[in-house]
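Quick notes on the structure that follows.
Letters go in sequence order (proteins before strands), and every chain restarts at 1.
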Amino acid sequence: MSEVIPPRYNFSEVEEQIYKKWLDEGCFDAAFAPDGTVLDEERAKAETYTIAIPPPNVTGRLHMGHALNNTIQDMLIRYKRMCGFDVLWIPGTDHAGIATQTVVKKMLDQQGIDYREIGREKFVEYVWEWKEKYGNVILDQLRKMGCSCNWERTRFTMDEGLSRAVNRSFKKLYDEGLIYQGTRIVNWCPVDRTALSDDEVETKEGGESGHLWHIKYPVIGTEDEFLIVATTRPETLFGDVAIAVHPEDERYQKYIGKKVRLPLTEREIPIIADDYVDKAFGTGCLKITPAHDPNDFELGNRHGFEPINIMNEDATMNDFVPEAYRGLDRYKCRREAVKNLKEQELLDKEQKYKVPLGRSYRSKAVIEYRLSKQWFVKMESLAKLALERHSELNIQPERWNKVYFHWLNNIRDWCISRQIWWGHRIPAWYHKETGEVLVSEETPQQVMDKPDEWRQEDDVLDTWFSSALWPMSTLGWPDHSSDFKRYFPTTTLSTAKDIIFFWVARMNFSALKFEDTFPYENVYIHPTILDGRGETMSKSKGNGIDPLVVIGGAELDDLKKPVMEARPTDIKQRLKQIEKTFPDGFEAAGADAMRYTLLHQCSTGQEIRLSLDVFYDIGRRFMTKLWNAARFIFMYIDQEQSTDNVDFSAHISDEDLWMQGKIQLATNKLRENMEKYDFSHLGEIYYQLIWNDFCDWYVELCKARLTSEDAVQRKTAQHCLITAFADILRLFHPIAPFITEELWNKLLGVGTESKLWGERRPQSELLITEKFPESKEPGSSLQKIIAKFNKLQDIVTLVRTLRADYSIKPGQKIRGYIIAKNELAKSLLSDKESHRSIIRLANLESLEIIENEEEKPSKMVTLLDSSCEIYVDIHEFVDVKKELERLQKEIEQVEKYIASVTKKLDNRNFIERAKPEIVAAERAKAQESKEKLDKLKHLQEQFADF
RNA sequence: GAAGGUGUAGCUCAGUGGUAGAGCGCCUGCUUUACACGCAGGAUGUCAUAGGUUCAAGUCCUAUCAUCUUCACCA
C-alpha cells in the first residue's frame, strides 16, 4: 500500500504543466496543417468537426459569459476529438472598431496626445501597437481555462487575409447593387462621432424622464392666433421647415396653406396637411424637422422640403441657428431656447413626460438623428435567402428560431459606414472632380496612375461587416484553400443570444450569398449568466464574477474591488456580504471546478444564476471528491508481481458488472445529450455516476475484496476498480480536462503492460487523445444485474434506516434473517458476494437466509420489501410504542395508496380505455399493496405482546 | 404596442400523461481501513390561479396573474 498521489490536488501547478504538455505534443492540431501537410494520417481520413470561436474583442477581458461559452465549445471539441473526429477549433479576436478606438484614444489622452493632431495614419499605428501589446490577453485567459484551440490558426479580423475577404465581399455586394450609398437619417453618436446601425442603439423600457414643451407658433396675418406644437426637443425648432396637421382636423382646417413664424427667429414656415399626424396626440400639430427625425424626413420628402441640418458632428449647434445659440451643446441650447421662449411668452406649458431615447450601446450617449451620406446594405433579398434555406440550419434550443425569424422578417437596410479611423476602410475611391465612384478589392489602376485625382472613402466598415465573414475568412476565403475545402462549412457555432442579430443572422446570409451554404450546421445559444439576485452582471454594477478569480483565487480586497469601483447604492451591504462569505478571500478552485460548475448550472432555461460560493459547493467539492476517490484507488493498487499471473477474469462479480453497466448507461446518456446540444443534465449524470454509484456504492463494496487474504479476490477488485475509474476519466475529460489528465497520468504509472489491466488497457499516453467510450444498448443480462443490485441497495437502506430510527451505534452488530419471496431476491441472495456485501454495508453481524417465518427466532422486528422480508434481531433496543408508531405510519401510507388504486380500478372507464399493460400493472400494484397491508396489520397485532 | 421565456421543496433547478425528483441548505447520528469539501438517516410540496380535454394532468389546450427578456415606439 502506498500513497501515490498527494492528499490535496494542487491544480494551479498541475494545470499549467498539463496545458504545456498538450501544446508540446500538438494535441490541439487538426489533421492537416494550414498548408495542407498531413499531421495525423488516421484523422486525415476522419470526418471533420470545426468550430470558429466567437471572436472576443481585442479590448476584452474574460467574463463569465465567455467562460461558459468557451467551456461549452471546449467540451464539444474535446468530446469530438476523443470520438476520433478531425477537430479544429479556430481562435481569434475581433478588432472591435469603436471600442478599440475609444480605448486607444483614452490611452493617448493620458499621455497628453490629441489623436486628431497626430492624424489618421499615426493613430492607426498606435492602435496596432496597442493591439500587439494587449490584444491577446483574452486568448491567454482562454488557455488558463483549458481551451484546446488550434493556436497556430489564430486570426484577427484586421489580418491581411481577412481584410481581403472584407473587400471581396464589399465589392461583390456592390456590384450586385446590394450595397449602395444614400443620404438618410442615421443614428448618430455625438461622442464617438459616427453613424451606428439600428442594432447598435439601445432604448430603455418605458422611456426616460423628460419634458413635453408646448410651443406657440404665431400664425402670420393674425394678431394673436397661434398653433401650439408639443415637442420633447425644443432646440430642434431651428430646423423646422413646416407645421403639419391632419387634413381632417376641424380645429386647424382654416390654417392649412397659411404660414407661421418660427419662434426665436424671423423665419416663416408653411402649415401643411398630412394624414401621418395623429390628431389625438399633444395638440394635433406636428413640427416638421426633416434633418433630425426619420419620420419628419420622410414627410418632408413627400412635400418637397429641403432639410435643414442644425447640428455639428458633436451635437453642438451649427451656423444655421441664430447667432445666440451657435456652438452651444444641444442640451444647453435646449435650456436657452426654453428660457427665451418663456421670456417671449411663446411657451404655452411644460409637462413632465417619459421620452423614448436611443442610446449608443458603446458610449451610452443619447443618439442624435443625423442626416448624412452613408453606405447601406440592402437587406430584403439577403434576409429572404436566409429564410428560404432555413430548414438546413439546426438552432438549439429551438425557441430561438422564432426570435431569429422575427428579426429577419422586420429587417431594415443596414448602415455599414462608420466615421472612425480604426477598421476596414471602405474600398471605394472618388474622383475629385467628376465625383465618379470606383469600388474595387484592391486599389484600382486608375487611382495608381493618377493618385492626385482620386481620394479613398474615409469611412470604415461596421465591425460586424467583417465578423459576418468570420467562419469563412478564418479558413482562407475568398481563396478556396485546402483549409477552406476541408473545414468549411464549419460544424457548430456556440454563442450568446444577444448577438443573434448582430452576428449570427449576418454570417448566415453572407455564407449563403457567397458560398451557397450556411457557415455551420448547428447553432447553440447558451443561457445568459446572471448574478445570485437575478441581475445581469456588469462592470457598472460591480456584480460580475471574474473567471480568473474562480480559477486562481483572490484576496479579500481584490474581491471587494469591483464593488468599490462600481459604487452601487447598496455598496455597504455588498461589501459586508463579501466579508461575511469570504473573510479570508476566495481560495482558488481551479479551471475544472469552474467548468463543471458552469455546465452543472447550464439549465434548459434562458439564464443561469451564479454566485461565487457555488463554485465551491458544486465544482470544487466535486473535484475534491474525484481526487480522493483516486487517492483511495491508488492506495490499494499494489504492484506485486507475484499476482500478475492470477487469472481474475472468471472472478468478476455482480457488483463489477453492475458498475460497468452503470458506466455504459451513463455513456449512452452523455453521448445522446452531447449530440442533441442538451447540456442541462450533464452535471447530474456525472454526479450520479461518480459520486453516488462509484464512490458511495462501488468503492465501498470493493473495500472488502481489496483487503482480502485471497490474492485472486484482491487482484480482481483492483482490476475492476482501475478499469472502471479509467472509463470515468475518459467520460469526464471533456468537462474537467486537467484533473482527469493528471489522474490518467498517475493511472498509467501503474503500467499499461501490467496484467492488472487485462484486455482493457489505455490506448493513449494522453487522455486528451484517448477514445471516448462507445454507446451500447443495454442487454437483458445487464438489466438483470441492475435490478438485482437495486434490490441489494433497497435491503441495505431498509436496515440502515431501521438502525437510524433506533439509534443503534455503528459498533453494535445485529443479526438478521431474510426470506426471499421472488426469483430476483433468490438470485441475489444465492450470490455469495452479494450476500456478504449486504452484511457489510448494512453493518449486520449475520444475515441468515430462511425459507419461512417459523425458522426465525421470536421477537424480531420485521422489514417488508416487495421481494423479501427481513427480520432483525434488535430486541434489546426495541421500543414497543415507537415500533407501533412506525408500523402505523407505514399502514397509513399503504392504505392511502390502496385507496387511490382501488378508485382507479373501480372505474369502468379506466378498465376499458386505459392501455391493458397499465391496467395490469395497477392490478399487480394493488395486490402487492394489499398483501403488504395484511402483513403490517399482522405485525401490529404481534407487537402488542412483544 | 408586439413577440418570446419562466412560475415545482427554504435556495438553484430536473421531470417522458399513470404513487412528485436531484443538488445545496436544514435536522439527527457517526473519527465505519480515500474524502467533515466526508458517511448514514430524516423532514420539507395547494406543482402560480381558474377553467377545459382525458379513464387519468405538474405534464396537453384556453384564459388570468406574476416575473424576466427581446423588438417596435407619435412629435
Side-chain angles (χ1 to χ4, degrees), chain A residues 1 3 5 7 198-199 203 205 207 212 229-233 236 244 276-278 280-289 293 295-296 355-356 358 397 399-400 402-403 405-407 410 497-498 500-501 528 530 532 534 536 600-601 603-611 613-614 616-618 620-636 680-681 683-684 687-688 691-692 695-696 699-700 703-704 706-707 796-797 800-805 807-811 840-841 843 893 896-897 900-901 904 907-915 918-919 921-922 925 929:
Chain A
M1 217 190 277
E3 186 99 350
I5 55 178
D198 294 335
D199 301 297
T203 47
E205 198 68 36
L212 201 55
V229 174
T231 180
T232 56
R233 306 205 50 200
T236 61
Y276 167 78
V277 181
D278 180 354
F281 189 91
T283 59
C285 297
L286 175 65
K287 65 197 267 299
I288 307 301
T289 322
D293 183 282
N295 293 313
D296 291 10
V355 194
R399 63 170 171 274
W400 295 110
K402 286 182 190 160
V403 179
F405 280 151
H406 186 257
W407 187 79
N410 293 285
K497 65 175 191 222
D498 48 341
I500 295 178
F501 310 142
T528 307
L530 304 177
T536 49
H600 188 275
Q601 298 300 90
S603 65
T604 52
Q606 293 192 31
E607 53 218 29
I608 300 176
R609 289 187 182 205
L610 278 182
S611 53
D613 49 339
V614 303
Y616 280 170
D617 290 344
I618 296 173
R620 188 183 60 164
R621 236 166 48 91
F622 197 65
M623 296 312 138
T624 310
K625 185 71 179 176
L626 184 70
W627 187 258
N628 280 315
R631 278 178 62 214
F632 176 81
I633 293 168
F634 286 121
M635 275 182 193
Y636 280 93
S680 56
H681 297 99
E684 200 189 333
Y687 192 94
Q688 260 183 26
W691 202 304
N692 298 338
C695 291
D696 289 346
V699 169
E700 285 309 315
K703 280 177 179 173
L706 288 173
T707 50
V796 169
T797 304
R800 279 176 178 171
T801 309
L802 185 81
R803 293 188 68 111
D805 280 350
S807 310
I808 302 167
K809 298 260 183 267
R840 241 181 67 76
L841 295 182
N843 200 5
Q893 246 171 21
K896 207 170 135 196
Y897 179 62
S900 86
V901 179
K904 234 187 244 186
N907 185 341
R908 254 180 67 194
N909 283 328
F910 173 70
I911 306 290
E912 282 163 19
R913 299 193 201 179
K915 286 181 206 150
I918 283 168
V919 178
E922 291 294 320
K925 279 190 270 184
S929 301

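Looking at the side chain of Arg620(A), the nearest of the listed nucleotides rU33(B), rC37(B), rC35(B) is rC37(B). In the set rG18(B), rU12(B), rA34(B), rU12(B) carries the atom at the smallest distance from any side-chain atom of Gln601(A). The Tyr687(A) side chain lies nearest to rC24(B) when the options are rC13(B), rA34(B), rC24(B). In the set rU12(B), rG5(B), rU33(B), rG5(B) carries the atom at the smallest distance from any side-chain atom of Arg399(A).
With a 4.5 Å cut-off on side-chain heavy atoms, Glu700(A) and Leu841(A) count as touching. The shortest distance between side-chain heavy atoms of Gln601(A) and Leu610(A) falls below 4.5 Å. Under the 4.5 Å side-chain criterion, counting only non-hydrogen atoms from C-beta, Pro810(A) is in contact with Asn843(A). Side chains of Phe910(A) and Glu922(A) form a contact here, defined as non-hydrogen atoms less than 4.5 Å apart. Lys915(A) places none of its side-chain heavy atoms less than 4.5 Å from the side chain of Val919(A). Proximity of Tyr636(A) to Thr707(A): side-chain heavy atoms (C-beta onward) are separated by under 4.5 Å at one or more points. With a 4.5 Å cut-off on side-chain heavy atoms, Thr236(A) and Lys287(A) count as touching. Contact check for Trp691(A) versus Arg621(A): side-chain heavy atoms found under the 4.5 Å cut-off.
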What does nucleotides 69-75 of chain B look like as a protein-contact string, B for base, S for sugar-phosphate only, - for none, at under 4.0 angstrom between heavy atoms?
-> SSBBBBB
Produce a footprint string for nucleotides 38-46 of chain B: one letter per nucleotide, 5' end first; B if the base is under 4.0 Å from any protein heavy atom, S if only the sugar-phosphate is, - if neither.
-> SSSSS----
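Between His681(A) and rG15(B), a side-chain N or O to OP1/OP2 separation shorter than 4.0 Å is present. Contact annotation: Ser603(A) does not reach the phosphate of rU12(B) (side-chain N/O to OP1 or OP2, under 4.0 Å). Contact check, Lys915(A) against rG18(B): no side-chain N or O comes under 4.0 Å of OP1 or OP2.
Taking atom CG on Asp617(A) and atom P on rC13(B), their separation rounds to 15 Å, with Å as the unit. The NE2-P distance, from His600(A) to rA14(B), rounds to 11 Å in whole Å. One can place CZ of Arg609(A) at 17 Å from C1' of rA14(B), the figure rounded to the nearest angstrom. With rounding to whole Å, Glu684(A) atom CD is found 9 Å from rC13(B) atom C1'. The distance between atom CD1 of Ile618(A) and atom P of rG23(B), rounded to the nearest whole Å, is 12 Å. The distance from atom NZ of Lys904(A) to atom P of rU54(B) is 18 Å, rounded to the nearest whole Å. Atom pair Lys809(A):NZ and rU28(B):C1' shows a separation of 11 Å (rounding to whole Å applied). The CG atom of Leu626(A) sits 11 Å away from the C1' atom of rC35(B) (whole-angstrom rounding).
Atom C1' of rC65(B) sits at a distance of 32 Å from the matching atom of rC26(B), rounded to the whole Å. When the P atom is used for both rG4(B) and rA63(B), the distance is 11 Å, rounded to whole Å. Rounded to whole Å, the P atom of rC37(B) lies 13 Å from the corresponding atom of rC24(B). Separating the C1' atom of rG42(B) from that of rA48(B) is a span of 29 Å, rounded to the nearest Å. Using P as the reference atom, rU53(B) and rC13(B) are 35 Å apart when rounded to the nearest Å. rC60(B) and rG5(B) are spaced 12 Å apart, taking the P atom of each and rounding to whole Å. Here, rG23(B) and rU44(B) have their C1' atoms 15 Å apart, quoted to the whole Å. With both ends at atom P, the span from rC61(B) to rC74(B) equals 36 Å, rounded to whole Å.
In this structure, CD1 on Ile288(A) lies 8.5 Å from CG on Asp293(A), to the nearest 0.5 angstrom. Once rounded to the nearest 0.5 Å, the distance linking OG1 of Thr528(A) with CZ of Arg609(A) reads 12.5 Å. The CD1 atom of Ile500(A) sits 11.0 Å away from the CH2 atom of Trp407(A) when rounded to the nearest 0.5 Å.
Defined by atom type and a distance below 3.5 Å, a donor-acceptor pair is present between the side-chain atoms of Asn295(A) and Tyr276(A).
Nucleotides of RNA chain B nearest to Phe910(A) and Ile633(A) differ in position, and the one nearer the 5' end is that of Ile633(A).
If you check every strand for non-hydrogen atoms under 4.0 Å, Lys703(A) touches a base. Residue Lys896(A) is out of contact with every strand shown, counting any heavy-atom pair closer than 4.0 Å. Residue-level contact check: Thr604(A) touches the backbone only, with heavy atoms under 4.0 Å from sugar-phosphate atoms and none from bases.
Stacking is not found between Phe632(A) and the pyrimidine-like six-membered ring of the rC35(B) base under the 5.5 Å centre-distance and 30° plane-angle cut-offs.
Both the sub-6.0 Å distance and the 45° axial angle are not jointly satisfied by Arg631(A) relative to the ring of Phe634(A). Because its NZ or CZ atom is both nearer than 6.0 Å to the ring centre of Phe632(A) and within 45° of the ring axis, Lys703(A) counts as a cation-pi partner of that residue.
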Symbol by symbol from the 5' end, with Watson-Crick or G-U pairs under 3.5 Å, [ ] crossing and | another strand, RNA chain B is (((((((..((((....[..)))).(((((.......))))).....(((((..]....))))))))))))....
